[in-house]
Amino acid sequence: MDYREVAEQWLAGDFDPETKGQIIELRNSDPVAFEDAFYKNLEFGTGGLRGIMGVGTNRMNKYTVGMATQGLANYILKNIKGDGLKVCISFDSRNNSKLFAKIAADVLSSNGLHVMLFDNIRPTPELSYSIRKTGAVAGIMITASHNPKEYNGYKVFWSDGAQVTSPHDTAIVAEVNRISSPSQVKFESETECGGIEMMGKEMDECYVSDILSLVLSPEAREKHKDIKIVYTPLHGCGVRLVPECLRRLGFENVYHIPEQDISDGNFPTVESPNPEEPAAMKMALDKAEDVGADIVMATDPDADRIGIAVRDHEGKMVRLNGNQTASILTYYILTRWKELGKLDESKYIVKTIVTTELLPAIAKSFGVKCYDVLTGFKYIASVVREHEQDGEFICGGEESFGFNVGQFVRDKDAQVSASMVADCAAWAAEKGLSLYDVLQEIYQKYGYRKEAMKYLVRKGKTGSEEIAKIMQNLRQNPPQTMAGSKVVKVKDYLNTEETGLPSSNVLQFFNEEGDVVSIRPSGTEPKIKFYFGVAGRAADEKIETLCKEFVQ
């Protein structure tokens with residue numbers, strides 16, 4: 001159907017007056033946005049929904065959220081047997097997150113499922129934790145992670161606490177796609193209601209206690225509890241538990257930015273609430289200079305990602321990227337596990353295909369396995385699930401500022417990461433080192449590597465088409481050289497026989513010098529991402545050359 005016909009169906013259908021008024025206003029004032037709002041359905045992908053909030057089939061609103069939830073409820077009821085089936089729901093500080101969580105809770109309850117709903121904003125990893133703790137069959141997290149304020153999202157988790165993967169992911173998508181109209185959604189209870197139960201402080205206490213059981217250097221923390229840490233939640237829900245974890249670990253000098261402790265979906269003090277963006281940490285870095293802090297930590301709105309900054313040898317605060325943070329933490333954890341006699345051949349770490357090759361080098365030196373998986377922490381969680389009986393997951397990371405330790409949470413976790421960064425800093429201080437010194441020690445042992453990520457933003461229908469053309473052209477006309485070195489290998493992750501991994505729209509190019517360029521459209525934002533990984537001290541110049549060759 002033409003997008004205008006779809007809009008007319010909304011105007012003629014059983015939609016609330018406010019929605020209809022917004023449709024008319026959009027049609028009259030912004031024809032391009034009007035087309036984009038109705039030209040397709042907001043795709044319920046294998047991870048759920050994510051999109052701009054507003055009216056229309058291609059937007060996050062109460063109707064698209066309700067339809068997605070009805071599809072999820074149908075799948076659960078068709079495939080999971082038993083009474084009292086539970087689903088956990090959490091939400092972050094974004095605009096409409098609480099509303100969307102309530103809508104999802106009502107729909108699930110109206111379908112006879114028992115809902116465990118957090119009483120206020122909670123981080124995504126605590127949602128993952130609560131699923132396993134309560135024995136729920138699934139979970140929903142209302143968040144758009146680190147996206148701009150216009151966005152919101154809907155992540156679906158399964159009973160193992162991880163975001164859904166095969167076979168549940170595609171089967172849930174199919175059920176959601178069968179819901180063609182809001183009239184098919186049980187927005188209000190009719191004859192059967194599963195009830196809604198609130199979760200709060202008791203779950204927080206269990207979660208924090210388990211996090212604190214993972215840290216490794218209590219004696220060093222006691223001696224160096226005066227380490228100065230600046231922390232900002234960037235207006236998100238990390239404010240609830242990250243400071244609590246640091247306090248209970250004994251750190252006495254944790255400084256805040258009061259304006260950014262306010263949970264606000266408009267993110268008023270930052271252009272983007274993404275710790276990957278340098279500007280997001282400016283206020284925290286300024287605070288660090290004021291108080292003479294050793295470390296800066298920033299978490300994104302749903303508190304699963306963490307960005308850190310540390311002082312270099314000249315006393316200047318420098319931001320670390322996700323690869324560097326993951327390398328430091330992996331090196332630290334494996335060192336301590338070895339000292340504590342906890343390592344053996346059953347232990348392993350996991351990384352994503354676009355994450356630094358330092359991690360497998362570190363793992364190898366400790367006699368530990370390293371698994372490579374597709375981009376997304378759900379694939380790390382899949383490895384953990386597959387090896388529950390024959391191995392032990394130590395830690396895992398991805399370049400996009402995600403890291404986790406242990407098996408309590410099956411997703412990246414900024415609460416765990418912040419605790420482990422502080423623990424590592426105390427351990428390093430006991431040796432007369434800083435976190436920056438630890439990073440340099442890693443480079444000396446395993447060789448210097450430099451990684452960078454660039455992206456192109458292409459919004460709307462035309463943008464989506466342009467991104468598809470870029471990928472098509474790279475497949476049809478792959479580069480023959482990269483930074484003056486011959487391309488010797490191409491990996492297309494659509495080819496599952498070649499990669500041994502699930503099919504994914506990712507390309508990797510390798511040259512004779514061991515450099516790698518990975519390219520993938522984002523699954524959550526209107527972007528195409530280019531990942532560069534090179535070795536050697538001339539890495540900065542080589543990355544600059546590769547950027548010019550690939551990013552137009």
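- Inspection of the Gln508 and Ser518 side chains reveals an N or O donor paired with an N or O acceptor under 3.5 Å.
- A salt bridge does not link Lys228 with Asp294: every distance from a Lys NZ or Arg NE/NH1/NH2 to an Asp or Glu carboxylate oxygen is 4.0 Å or more.
- A salt bridge between Asp204 and Arg122 is present, with a side-chain N of the basic residue lying under 4.0 Å from a carboxylate O of the acidic one.
- Using modelled atom types, no side-chain atom of Thr481 and backbone atom of Gly484 make a donor-acceptor pair closer than 3.5 Å.
- For the residue pair Asn274/Ser272, the side-chain donor-acceptor check at 3.5 Å is not satisfied.
- Under the 3.5 Å distance criterion, with hydrogens and angles disregarded, a donor-acceptor pair is assigned to the side chains of Gln324 and Tyr443.
- Figure legend: cation-pi geometry between Lys489 and Phe510, with NZ or CZ positioned under 6.0 Å from the six-membered ring centre and within 45° of its axis.
- A cation-pi contact links Lys527 to Tyr455, judged by a cut-off of 6.0 Å to the six-membered ring centre and 45° from its axis.
- Counted by atom type alone, Asn511 and Glu513 present zero donor-acceptor pairs between their side chains at under 3.5 Å.
- The pair Glu289-Arg311 meets the salt-bridge criterion, with a side-chain N (NZ, NE, NH1 or NH2) lying under 4.0 Å from an Asp/Glu carboxylate O.
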Exercise for the section: Show your working on side-chain contact (heavy atoms from CB on, under 4.5 Å) between Tyr231 and Ile295 and close with a plain yes or no. Expected result: CA-CA 9 Å; Tyr231 169 67; Ile295 308 169; over 6 Å; no
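- Ser97 and Asn152 are linked by a side-chain donor-acceptor pair at a separation below 3.5 angstrom, with hydrogens and angles left out of the test.
- Salt-bridge annotation for Glu252 and Arg247: absent, with no side-chain N of the basic residue lying under 4.0 Å from a carboxylate O of the acidic one.
- Judged purely by atom type and a 3.5 angstrom limit, Asp286 has no side-chain atom pairing as donor or acceptor with the backbone of Asp290.
- Salt bridge Lys201/Glu205: absent, no basic N to carboxylate O contact under 4.0 Å.
- Distance alone, capped at 3.5 Å, is enough to place a donor-acceptor pair between the Ser128 side chain and the Gly161 backbone.
- For the 3.5 Å distance criterion, the side chains of Ser434 and Asp437 qualify, holding a donor opposite an acceptor.
- Ionic pairing of Lys450 and Asp540 is present here: one or more N-O contacts between side-chain nitrogen and carboxylate oxygen are shorter than 4.0 angstrom.
- A donor and an acceptor atom, one from each side chain of Ser503 and Tyr493, are nowhere located under 3.5 Å apart.
- Salt-bridge annotation for Lys412 and Glu398: present, with a side-chain N of the basic residue lying under 4.0 Å from a carboxylate O of the acidic one.
- Classification of Lys351 and Glu357 as a salt-bridged pair holds, one side-chain N sitting under 4.0 Å from a carboxylate O.
- Contact check on Glu512 versus Lys486 returns no salt bridge, with no Lys/Arg side-chain nitrogen under 4.0 Å from an Asp/Glu carboxylate oxygen.
- In summary, Arg385 and Glu388 do not engage in a salt bridge, as defined by a charged side-chain N under 4.0 Å from a carboxylate O.
- For the residue pair Asn505 and Arg520, no side-chain donor N or O sits within less than 3.5 Å of a side-chain acceptor on the partner.
- Between Phe267 and His235, the two ring planes are tilted [angle within 30° to 60°].
- Taking the centre of each ring, Phe251 and His224 stay at or above the 6.0 Å mark.
- Ring geometry for Tyr436 versus His313: interplanar angle over 60°, hence perpendicular rather than tilted (30 to 60°).
- Remark: the Thr269 side chain and the Glu259 side chain contain no N/O donor-acceptor pair separated by less than 3.5 Å.
- For the residue pair Ser217 / Arg336, a side-chain donor-acceptor distance below 3.5 Å is found, with atom types taken as modelled.
- A ring-ring contact (aromatic ring centres under 6.0 Å, His included) with Tyr207 is found for one member of Phe118, Tyr129, Phe408 and no other, namely Tyr129.
- Counting only N and O atoms by type, the side chains of Ser400 and Arg305 include a donor and acceptor under 3.5 Å apart.
- Using modelled atom types, one side-chain atom of Arg94 and one backbone atom of Pro148 make a donor-acceptor pair closer than 3.5 Å.
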Handout entry: Pair Lys369-Lys347, side-chain contact (heavy atoms from CB on, under 4.5 Å): steps then yes or no
Key = CA-CA 7 Å; Lys369 299 174 187 174; Lys347 309 300 191 294; over 6 Å; no
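- Between Arg221 and Glu219 there is no salt bridge, since none of the side-chain N atoms of the basic residue sits less than 4.0 Å from a carboxylate O of the acidic one.
- Between the side chain of Ser145 and the backbone N or O of Asn147, no donor-acceptor pair lies under 3.5 Å.
- Remark: the Ser327 side chain and the Thr330 side chain contain no N/O donor-acceptor pair separated by less than 3.5 Å.
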